[in-house]
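Keep in mind that the numbers below use all heavy atoms, side chains included, and drop hydrogens, waters and symmetry copies. This structure is a prediction, so every number in the text was calculated from the model and none was measured.
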Amino acid sequence: MLFGLLAFVCLILGFANIRANLSFYGFETNEQFSLIGLMIIAIGIFKGFTAFSLWLEKDYAIKMGKIDAIIGIVICTISMLVLPFFQEGFNISIRLELALLIPFLIKLNKIQNVWESLN
């Protein structure tokens, strides 16, 4: 939830021409209104909304969480396998975020039936 709030603050700071260093899932930028900057901010706001939905136990929270985890896994994979070909010097890195995203997705799959039966 905090990350979502901070992403929104970064977006507002961009309108005031205050730059912020943004980095998430292996993507980095100093410009909020670049393609990567807007992607990072959108992911942050989406993650904040998903966390808030899970916290309040909304009906759609599990589906949002699964979408969030899948998007995160895909972006991490792209960051690990595609970005090294476009950056200076070929360095493959293993993203540790996957160590949290995959178990998160598995846990959401396990609790989905119970969650939906309660709501």
Side-chain angles (χ1 to χ4, degrees):
M1 288 183 280
L2 180 62
F3 186 70
L5 178 65
L6 292 175
F8 184 72
V9 168
C10 284
L11 183 63
I12 300 302
L13 291 175
F15 287 116
N17 288 328
I18 299 172
R19 292 186 179 191
N21 293 332
L22 301 170
S23 177
F24 199 56
Y25 289 147
F27 291 91
E28 299 177 8
T29 186
N30 294 332
E31 295 287 332
Q32 288 100 317
F33 295 115
S34 65
L35 179 63
I36 293 175
L38 289 174
M39 180 187 77
I40 292 171
I41 290 171
I43 290 169
I45 292 172
F46 182 69
K47 283 191 162 301
F49 180 74
T50 301
F52 193 69
S53 299
L54 285 165
W55 187 42
L56 294 178
E57 300 178 1
K58 297 292 184 182
D59 296 340
Y60 53 84
I62 294 290
K63 292 176 185 166
M64 297 286 289
K66 289 171 77 171
I67 291 168
D68 177 32
I70 291 168
I71 289 172
I73 291 168
V74 168
I75 291 174
C76 276
T77 305
I78 290 170
S79 168
M80 289 181 350
L81 302 177
V82 176
L83 276 185
F85 292 104
F86 294 103
Q87 292 179 340
E88 185 178 311
F90 187 80
N91 295 326
I92 292 180
S93 63
I94 304 298
R95 303 299 310 171
L96 292 177
E97 290 94 340
L98 289 174
L100 297 174
L101 288 170
I102 293 170
F104 177 62
L105 181 60
I106 292 169
K107 181 65 175 180
L108 288 176
N109 279 329
K110 286 182 181 178
I111 67 170
Q112 183 174 11
N113 291 333
V114 174
W115 187 285
E116 290 173 352
S117 68
L118 294 175
N119 291 324

For this session: Could you pull out all residues at least two apart from I45 that satisfy side-chain contact (heavy atoms from CB on, under 4.5 Å)?
Result: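 For I45, the residues satisfying side-chain contact (heavy atoms from CB on, under 4.5 Å) (neighbours in sequence not counted) are A7, F8, I41.
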Problem set entry | Set of residues satisfying side-chain contact (heavy atoms from CB on, under 4.5 Å) with respect to Y60, sequence neighbours excluded |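 For Y60, the residues satisfying side-chain contact (heavy atoms from CB on, under 4.5 Å) (neighbours in sequence not counted) are F49, S53, K58, M64.
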Using side-chain hydrogen bond (donor to acceptor under 3.5 Å, both in side chains) as the criterion, list what pairs up with [X], not counting sequence neighbours.
X	answer
S23	none
S79	none
K66	N109, Q112

For this session: Grab the two heavy atoms, one from C76 and one from Y25, that are nearest each other, plus how far apart they are.
Result: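 That closest heavy-atom pairing would be SG-CD2, 3.3 Å.
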Quick one: pull up [atom1] in [X] and [atom2] in [Y] and give me the separation to the nearest 0.5 Å.
X	Y	atom1	atom2	result
T29	F24	OG1	CZ	15.5 Å
L98	L105	CG	CG	11.5 Å
L22	I36	CG	CD1	10.5 Å
N21	E31	CG	CD	10.0 Å
I75	M39	CD1	CE	5.0 Å
E116	D59	CD	CG	9.0 Å

Do [X] and [Y] have side chains that approach each other closer than 4.5 Å (heavy atoms only, starting at C-beta)?
X	Y	result
R95	L101	no
F27	I78	yes
L11	F33	yes

For this session: Look at the side chain of Q32 and the backbone N and O of I18, then say whether any donor-acceptor pair between them is shorter than 3.5 Å.
Result: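 Present.
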For this session: Enumerate the residue pairs fulfilling side-chain hydrogen bond (donor to acceptor under 3.5 Å, both in side chains) with a member in residues 68-78, sequence neighbours excluded, ordered by first and then second residue.
Result: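 Every side-chain hydrogen bond (donor to acceptor under 3.5 Å, both in side chains) pair that includes a residue of residues 68-78, provided the two are not neighbours, is K47-D68.
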Do [X] and [Y] sit in the same hydrophobic cluster, where Ile, Leu, Val, Met, Phe, Trp and Tyr count as joined when their side-chain heavy atoms come under 4.5 Å apart?
X	Y	value
L6	I43	no
V82	L35	no
I40	F15	yes
L56	M1	yes
L38	I12	yes

Exercise. Do other residues, nucleotides or ligands put more than 12 heavy atoms under 6.0 Å from the CZ atom of F46?
Worked result: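 Buried by this count: over 12 neighbours within 6.0 Å.
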Problem set entry | Audit row: W115, L54, side-chain contact (heavy atoms from CB on, under 4.5 Å) steps and yes/no | CA-CA 10 Å; W115 187 285; L54 285 165; 4.1 Å; yes
